[in-house]
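Reminder, nothing fancy here: chain letters follow the sequence lines and each chain counts from 1.
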Amino acid sequence: MADLKALEHPTLKVPYELLNKRFRAAQKTIDREVSKTQIAIDDLDRCLQSSTVTVGQMKTALDGVVEKLTFLKRKSEESIQEETDAAYVCKKRIEHLKEYEVSHPTQEAQWKKKRLDRMLVEYFLRCGYYRTSLQLAEHSEIQDLTNIDLFLMSKEIEESLERHETTACLQWCHDNKSKLRKMKSTLEYNLRQQEFIELVRQDQRLEAVGHARKYFTLTEESQLSVVQRVMGLLAFPKDTSLEPYKSLLDENRWHSLVEQFRYENFKLYQLSNTSVFGISLQAGLSALKTPHCYKSDGSGKNTDCPVCSKHLNELAKDLPYAHCAQSR
Amino acid sequence: MEAIEAVDREINKVLNKFENFKSQRTQTLQDLIQCLEKTRTELSDAPDEDELAPSHSLIMSQTCLNIKDTLNQIAFEHKELHGNVSKVGKAIDRNFVSDFGGIMQDMMSNDKNMDKINQVICEHFLRHGMLDIAEEMIQETGLQIDETIKEPFLELHRILEALKHKDLQPALIWANENRIRLQAKNSCLEFKLHRLKFIDLIKQGHSHQLMALIYARNFAQFAHTHCKEVQSLMGSLLFVHQGLENSPYSYLLDPYLWEDIADIFTRDACALLGLSVESPLSICVKAGCSALPPLLNIKQVMIKRQCSNVWSSKDELPVEIDLGPDLRYHSTFACPILRQQSTDTNPPMRLTCGHVISRDALNKLANGNKFKCPYCPVEQSVSDAKQIYF
């Protein structure tokens with residue numbers, strides 16, 4: 001059971017973060033609707049306080065309050081439903097993990113196969129092989145147990161960044177503003193810089209200045225030199241060969257934006273940078289690796305041993321050997 | 001397991017509270033709305049220009065205050081729920097390991113390695129018959145897979161599928177083609193296939209009796225190796241009329257025989273093709289899942305004792321990991337004195353008394369040419385020890 005503790009943190013943490021996110025959104029919605037309703041009630045109150053009040057005025061005021069209350073009720077129901085759904089995803093995954101504990105040996109083999117499939121799906125998603133991962137998830141019926149939705153959403157944003165569009169990513173930054181601020185993220189800032197650079201590239205320098213006025217005024221001290229350099233770009237033509245302006249105009253900056261987005265997206269959901277599959281594979285290769293697998297005359301090879309098989313043999317070359325203190 | 005129990009408890013609490021909140025508060029809001037609508041309908045009878053009665057006024061102001069209070073309460077209660085939600089997160093963090101850093105250098109960032117890993121994964125899919133997924137993967141990754149590698153897996157899969165549907169023909173053809181090589185490996189595959197076919201014919205009763213008999217000629221070639229079995233199979237012919245279920249031969253109808261044949265076929269086919277029976281990827285990941293907990297533990301210990309540098313410079317894992325007898329593919333000798341594996345430069349040496357230690361240990365023990373065996377104190381000289389080959 002120790003392997004559950006070691007491997008399943010991402011399985012549970014990601015739906016938890018989603019639940020948290022939905023909770024915060026629900027709280028905001030409820031607060032907003034409550035305050036709107038209270039304004040309507042204040043109107044009603046004001047009507048009542050005035051010396052003369054007609055039935056007609058009462059009727060309209062009452063209508064207003066009823067309308068707001070109904071809206072509040074509907075919105076809060078929707079929000080709570082979303083929260084409960086997110087909590088149910090957590091629950092489903094926990095139920096699946098519980099099965100490992102109580103399983104029969106044959107069922108255990110099935111569960112482990114599902115685990116391998118889950119790890120492969122996540123590995124594929126991280127590499128960007130979305131179609132394969134979707135097919136594999138369908139085949140093993142593990143869609144609820146993997147974080148496909150998260151990766152598909154980030155795929156859309158990454159593709160839009162590759163197309164040099166910043167809108168989707170800025171929207172994402174806005175949605176996750178508070179958490180990004182806690183992480184001291186510079187993503188939004190870098191996006192704005194890139195927009196500025198693109199405006200200069202298209203020779204729309206006046207618009208670029210306006211853009212800078214809007215977004216660069218809140219620069220922190222540490223960023224100041226960076227901003228100055230970017231602003232300096234205004235003075236140079238777009239095919240300049242002078243450093244550092246040439247590298248500012250480089251198309252590869254978009255790639256680094258994609259990577260930064262990916263990294264921060266992972267951090268938001270507390271995913272580490274390496275996949276669980278990668279780590280398990282390496283640990284396994286190391287634990288199985290013996291000098292016999294690498295004997296120069298090939299005499300020690302065992303066809304059943306994974307490390308003796310062609311590709312894994314090459315992969316495991318740089319990994320540490322298994323520690324062996326007793327004859328076996 | 002208590003880690004899961006802990007998180008489960010918190011999630012159940014959260015779900016409960018949400019359900020309660022939803023049902024109660026929806027009801028509350030509904031009541032408020034109905035109360036206001038009632039007042040509204042009361043008012044709708046009176047004409048618009050009329051003034052409102054003071055009593056009505058008073059009641060209305062009171063209601064307004066009530067509503068405001070209730071709304072504040074609702075918002076507050078929802079905020080309180082956050083405590084439970086964050087407890088879930090804390091339970092997860094407390095009970096599950098989130099950080100794998102520092103255990104292994106990252107193999108994945110290297111492109112060449114990625115290619116090899118993808119090859120291994122693709123073979124894994126082919127082996128398990130997930131052919132369309134393998135195809136999709138080849139397309140998406142741009143992998144170059146030799147057709148010759150795919151072929152044996154495709155054939156294997158085809159025959160296994162047929163066996164699943166109780167069709168023995170493809171398997172029989174294959175066994176026939178590879179008869180010599182199978183016999184060299186002492187395989188009983190062909191016999192078992194014929195046996196199943198024979199049992200199938202007998203099952204169909206009296207009408208197929210003659211066919212069964214003619215088919216039994218196939219057993220002639222197995223007369224030497226499987227004599228007893230052939231005899232008992234022939235004996236089952238006696239019970240064709242009343243059906244095998246009510247005879248001492250009912251064990252022949254056991255469905256286990258079909259699962260068994262699939263296993264035997266896989267094993268023999270893989271042995272012939274020079275492949276391992278189980279996919280190397282599954283074995284490796286299984287080993288890795290068992291190996292990670294002790295590695296993480298030792299990493300914790302090392303961090304506490306602040307000696308984490310020691311790990312990366314060694315080329316052996318810091319701790320012994322017991323993977324069980326199934327995952328032991330190489331027999332290794334480790335010197336009982338130095339507790340190290342034997343290598344080409346440090347081979348095991350047999351002493352005259354029969355005990356075996358490594359050459360380095362031998363050299364360390366000896367003063368000059370004479371020394372005593374550490375197990376039984378037999379005196380001997382260094383030159384008497386001979387290298388032993390396992």
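With hydrogens and angles left out, the side-chain atoms of A:Thr132 and B:Glu140 include a donor and acceptor closer than 3.5 Å.
Heavy atoms of A:Thr84 lying under 4.5 Å from chain B belong to its backbone as well as its side chain. For chain B, the nearby part of A:Ile80 is the side chain; its heavy atoms alone come within less than 4.5 Å. The parts of B:Leu71 that come within reach of chain A are both its backbone and its side chain, each placing non-hydrogen atoms under 4.5 angstrom from that chain. In this structure, chain A has heavy atoms under 4.5 Å from both the backbone and the side chain of B:Ser86. Proximity to chain B (any heavy atom under 4.5 Å) is shown, for A:Leu4, by both the backbone and the side chain. Only the side chain of A:Leu116 comes within less than 4.5 Å of a heavy atom in chain B; its backbone stays farther off. For B:Ala75, the parts sitting under 4.5 Å from any heavy atom of chain A are the backbone and the side chain alike. For B:Glu278, no part sits under 4.5 Å from any heavy atom of chain A, backbone or side chain. Both the backbone and the side chain of A:Leu69 have a heavy atom closer than 4.5 Å to some heavy atom of chain B. With a 4.5 Å cut-off on non-hydrogen atoms, B:Asn12 touches chain A through its side chain but not through its backbone. For chain A, the nearby part of B:Asn95 is the backbone; its heavy atoms alone come within less than 4.5 Å. Contacts of A:Ser76 with chain B are made by side-chain atoms alone, with heavy-atom separations under 4.5 Å and no backbone atom involved. B:Asn297 does not touch chain A: none of its heavy atoms, backbone or side chain, sits under 4.5 Å away. B:Ile121 touches chain A through its side chain: at least one heavy atom from C-beta onward sits under 4.5 Å away, while N, CA, C and O do not. In this structure, chain B has no heavy atom under 4.5 Å from any part of A:Glu33. Contact of B:Leu58 with chain A is not made at all, since no heavy-atom distance falls under 4.5 Å. Heavy atoms closer than 4.5 Å to chain A are found in both the backbone and the side chain of B:Gln30.
Among A:Glu77, A:Lys289, A:Glu95, the residue with the largest count of heavy-atom pairs under 4.5 Å with chain B is A:Glu77. The most heavy-atom pairs under 4.5 Å with chain A, out of B:Pro294, B:Cys284, B:Ala291, B:Ser290, come from B:Cys284. Taking chain A as the reference chain and counting heavy-atom pairs below 4.5 Å, the highest number among B:Val85, B:Ile4, B:Asp8 is found for B:Asp8. In terms of heavy-atom pairs under 4.5 Å with chain B, the best-connected choice from A:Leu97, A:Asp45, A:Leu12 is A:Leu12. Between chain A and the residues B:Val88, B:Thr26, B:Asn72, the most heavy-atom pairs under 4.5 angstrom are made by B:Thr26. Between chain B and the residues A:Asp42, A:Val65, A:Val307, A:Val276, the largest count of heavy-atom pairs under 4.5 Å involves A:Asp42. Interface check for chain B: of the options A:Arg115, A:Gln38, A:Lys113, the most heavy-atom pairs under 4.5 Å are formed by A:Gln38. With respect to chain A, the highest number of heavy-atom pairs below 4.5 Å among B:Ser61, B:Gly288, B:Ser282 belongs to B:Gly288. Top candidate by heavy-atom pairs under 4.5 Å with chain A, chosen from B:Val7, B:Thr63, B:Ile33, B:Ile283, is B:Ile33. Heavy-atom pairs under 4.5 Å with chain B were tallied for A:Met119, A:Lys310, A:His9; the largest tally goes to A:His9. Heavy-atom pairs under 4.5 Å with chain B peak, among A:Thr37, A:Asp31, A:Val66, at A:Val66. Here B:Thr141 is the residue among B:Asp115, B:Ile67, B:Thr141 with the most heavy-atom pairs under 4.5 Å with chain A.
Checked by atom type and distance alone, the side chain of A:Arg93 pairs as donor or acceptor with a backbone atom of A:Thr11 at under 3.5 Å. Of the possible donor and acceptor atoms, one in the side chain of A:Ser133 sits under 3.5 Å from a partner among the backbone N and O of A:Tyr130. Looking only at distances, a side-chain donor or acceptor of A:Gln27 sits under 3.5 Å from a matching main-chain atom of B:Lys79. The backbone N or O of B:Glu37 lies less than 3.5 Å from a partner atom in the side chain of B:Thr41, making a donor-acceptor pair.
Between A:Arg24 and A:Glu83, none of the side-chain N atoms (NZ, or NE/NH1/NH2) sits under 4.0 Å from a carboxylate O, so this pair counts as no salt bridge. Salt bridge status for A:Asp43 with A:Arg46: present, with a side-chain N to carboxylate O gap under 4.0 Å. Ion pairing of A:Arg126 with A:Glu122 is present here, as a side-chain N (NZ or NE/NH1/NH2) and a carboxylate O approach within less than 4.0 Å. Using a cut-off of 4.0 Å between Lys/Arg side-chain N and Asp/Glu carboxylate O, B:Glu10 and B:Lys13 are scored as salt-bridged.
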Would you check, one step at a time, whether the test side-chain contact (heavy atoms from CB on, under 4.5 Å) holds for A:Arg118 with A:Glu8?
CA-CA 11 Å; A:Arg118 274 193 289 133; A:Glu8 303 292 353; 3.0 Å; yes
Please evaluate residues A:Lys21 and A:Tyr16 with respect to the criterion side-chain contact (heavy atoms from CB on, under 4.5 Å), reporting the C-alpha separation (whole Å), side-chain torsions for both, the decisive distance (0.1 Å), and the verdict.
CA-CA 9 Å; A:Lys21 192 170 166 189; A:Tyr16 162 72; over 6 Å; no
Kindly indicate, with the supporting measurements, whether the criterion side-chain contact (heavy atoms from CB on, under 4.5 Å) is fulfilled by B:Val14 and A:Phe23.
CA-CA 11 Å; B:Val14 166; A:Phe23 177 86; over 6 Å; no
Set out, in order, the CA-CA distance, both residues' side-chain angles and the distance that settles side-chain contact (heavy atoms from CB on, under 4.5 Å) for A:Lys112 and A:Tyr100, then state yes or no.
CA-CA 8 Å; A:Lys112 285 195 174 163; A:Tyr100 181 41; 3.6 Å; yes
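Between B:Glu77 and B:Leu81, the closest side-chain pair of non-hydrogen atoms is not below 4.5 Å. In this structure the side chain of A:Leu7 never reaches within 4.5 angstrom of the side chain of B:Phe96, judged on heavy atoms.
For A:Arg131 and A:Phe124, the positive end is not near the middle of the six-membered ring at less than 6.0 Å and at most 45° from its axis.
Ring orientation note: the planes of A:Phe277 and A:Tyr123 are tilted relative to one another, at an angle of 30° to 60°.
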